[in-house]
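As a basis for the values below, the full set of heavy atoms in this structure was taken, side chains included, without hydrogen atoms, waters or symmetry mates. If you read the sequence from its start, that first residue is 1, and numbering goes on from there.
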Amino acid sequence: MIWSDFHFYSETLDIQTAAYVLLPEQMHAGPVDERPLPTLYLLHGLSDDHTMWLRNTRIAQTARRYRLAVVMPAVNRSFYSDMVHGARYWTFLSEELPRVMETFFPLSRAREGRFAAGLSMGGYGAVRLGLTLPDRYAAVAGFSAPLRLEEAVCEPHNDAMHYRELMNIFGTPEGLIEGDGNLGRLAAALDPARAPKMMLTCGTEDFLYQANESFVAEFGEKFSIRYLRQPGAGHTWDYWDQALVEALAWLPLERLENVW
């Protein structure tokens, strides 16, 4: 894979930001394939940055089996949202980032060539993309995702820091529950005929397991969600590396031949 450490100025965020970009190499002599590349927007978790997928998983080795570009953006601890007290990361993710990437790299601009996936907070962002912009993404996948984030502001809180952090992002509990950050609300409103393909995975020992079970119980049949439970797995990179391999095999991608 070709690896680009891409730095650029974001007009939405009003800062310099970065993304890792992986592109497939042409492994044999012959005519250059000039077709736009199917693209996976691969989103990081709450305590991570855009470098962590490359550092902690086999994403480069896994992706090289397919004709696929991978874009890994940096979004800090934003929950991929336009923050009430902070920057407009949802606008950055949903509007500016694809526009910039598709300008500088030979990436697909068509729905059938766009996918999103992520772990934990990134899984939330990927599913939100699919539920909010179903006409732009053909498939989305969430690994150990907080799919019931709205419930986190309704229960007695042991983690005051994370509660304050969510309030900085969404403003008030009602702002999360009644707004577009509520994935359950988005899923209930979406016509399944318009929805992208969805894949969700979670380990049975993950603290977000019950949230995934609840979301799939309510919406799994509606959207024909592919749901994978991993007995004994927790909120770990070992599990997300495995989930990533399964997700790429699930996506409608062209498999390359003679890849070692």
Side-chain angles (χ1 to χ4, degrees), residues 6-20 41-53 71-101 116-134 136-137 140 142-190 206-208 210-212 214-215 235 240:
F6 187 74
H7 294 253
F8 62 103
Y9 175 75
S10 166
E11 294 180 353
T12 302
L13 304 178
D14 199 22
I15 57 171
Q16 291 288 335
T17 189
Y20 276 0
Y41 289 87
L42 189 57
L43 310 182
H44 68 72
L46 183 67
S47 60
D48 301 328
D49 66 9
H50 65 294
T51 71
M52 296 301 281
W53 283 107
V71 175
M72 296 164 276
V75 302
N76 296 313
R77 297 172 66 92
S78 66
F79 267 93
Y80 298 88
S81 299
D82 285 351
M83 304 167 70
V84 172
H85 303 292
R88 295 185 299 144
Y89 279 99
W90 172 251
T91 302
F92 169 73
L93 173 70
S94 61
E95 302 294 337
E96 186 179 21
L97 179 70
R99 183 173 67 248
V100 170
M101 293 296 111
L119 69 88
S120 197
M121 180 186 81
Y124 168 88
V127 173
R128 184 173 175 181
L129 280 174
L131 295 175
T132 306
L133 302 169
R136 297 190 198 175
Y137 292 86
V140 296
F143 316 143
S144 308
L147 302 173
R148 295 296 195 183
L149 194 61
E150 72 280 4
E151 295 180 358
V153 297
C154 299
E155 300 171 354
H157 255 273
N158 295 321
D159 193 334
M161 183 188 75
H162 284 164
Y163 180 81
R164 290 194 302 270
E165 194 166 41
L166 289 175
M167 292 305 95
N168 281 334
I169 296 169
F170 297 104
T172 62
E174 293 74 22
L176 173 54
I177 295 166
E178 299 172 7
D180 289 341
N182 183 338
L183 299 185
R185 178 177 173 274
L186 296 176
L190 180 60
D206 196 304
F207 66 94
L208 293 170
Q210 291 304 322
N212 279 258
S214 170
F215 189 89
H235 210 70
W240 299 324

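No side-chain heavy atom of Ile169 sits under 4.5 Å from any side-chain heavy atom of Tyr89. Looking at Leu183 and Leu186, their side chains come closer than 4.5 Å, going by heavy atoms from C-beta outward. You'll find the side chain of Val75 stays beyond 4.5 Å of the side chain of Trp90, heavy atoms only. Taking the side chain as every heavy atom from C-beta outward, Leu208 and Phe143 never approach each other to under 4.5 Å. Looking only at side-chain heavy atoms (C-beta outward), Tyr163 and Pro173 come within less than 4.5 Å of each other. Two residues are said to be in side-chain contact when any heavy atoms from C-beta on lie closer than 4.5 Å; Leu149 and Leu166 meet this criterion. Looking at Tyr9 and Asp14, their side chains come closer than 4.5 Å, going by heavy atoms from C-beta outward.
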Should Ser47 and Arg77 be marked as a side chain to side chain contact (heavy atoms under 4.5 Å, CB included) after you check the CA-CA gap, both sets of side-chain angles, and the distance that decides it? CA-CA 7 Å; Ser47 60; Arg77 297 172 66 92; 4.2 Å; yes
Step by step, would you call Leu133 with Ser94 a side chain to side chain contact (heavy atoms under 4.5 Å, CB included)? CA-CA 8 Å; Leu133 302 169; Ser94 61; 3.7 Å; yes
Test side chain to side chain contact (heavy atoms under 4.5 Å, CB included) on Ser120 and Leu46 and set out the steps. CA-CA 7 Å; Ser120 197; Leu46 183 67; 5.5 Å; no
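Between atom CG of residue Leu119 and atom CG of residue Leu42 there is a gap of 7.5 Å, rounded to the nearest 0.5 Å. In this structure, the separation between CG on Asn76 and OG1 on Thr17 is 7.0 Å, given to the nearest 0.5 Å. To the nearest 0.5 Å, the span separating CG on Leu13 from CZ on Phe92 amounts to 5.5 Å. Once rounded to the nearest 0.5 Å, the distance linking OH of Tyr41 with CG of Leu129 reads 10.0 Å.
Of all non-hydrogen atoms in Arg148 and Ser214, the two that sit nearest each other are NE-OG, 3.1 Å. Among all heavy-atom pairs drawn from Gly184 and Asn182, the shortest one is N-OD1, 3.0 Å. Counting all heavy atoms, side chain and backbone alike, Gly171 lies closest to Val84 at N-CG2, 3.6 Å. Taking both residues in full, the closest heavy atoms of His44 and His50 are given as CD2-N, 3.6 Å, listed atom of the first, atom of the second, then distance.
Side chains of Ser81 and Arg128: a donor on one and an acceptor on the other come within 3.5 Å.
Each salt bridge (charged side-chain N to carboxylate O under 4.0 Å, His left out) pair with one or both residues in residues 83-99, not counting sequence neighbours, appears once here: Glu95-Arg136. Within the structure, salt bridge (charged side-chain N to carboxylate O under 4.0 Å, His left out) pairs that include any residue of residues 173-182 comprise Asp180-Arg185 (at least two apart or interchain).
For Asn212 (side chain) and Ala145 (main-chain N/O), a donor-acceptor pair under 3.5 Å exists by modelled atom type. Ser78 places a side-chain N or O within donor-acceptor distance of the main-chain N or O of Tyr80, the cut-off being under 3.5 Å. Between the side chain of Asn168 and the backbone N or O of Gly86, no donor-acceptor pair lies under 3.5 Å.
In this structure His7 satisfies the side chain to side chain contact (heavy atoms under 4.5 Å, CB included) test together with Asp5, Ala18, sequence neighbours excluded. With sequence neighbours excluded, the residues forming a side chain to side chain contact (heavy atoms under 4.5 Å, CB included) with Ala126 are Leu43, Ala116, listed by chain and number. Contacts of Met52 classified as side chain to side chain contact (heavy atoms under 4.5 Å, CB included), with partners at least two apart in sequence or in another chain: Asp48, Asp49, Arg55, Asn56, Trp237. Scored by the side chain to side chain contact (heavy atoms under 4.5 Å, CB included) test, Ala187 finds Leu131, Phe215, Phe219, Phe223 as partners (sequence neighbours excluded).
A ring-centre distance under 6.0 Å is found for Tyr124 and Phe79.
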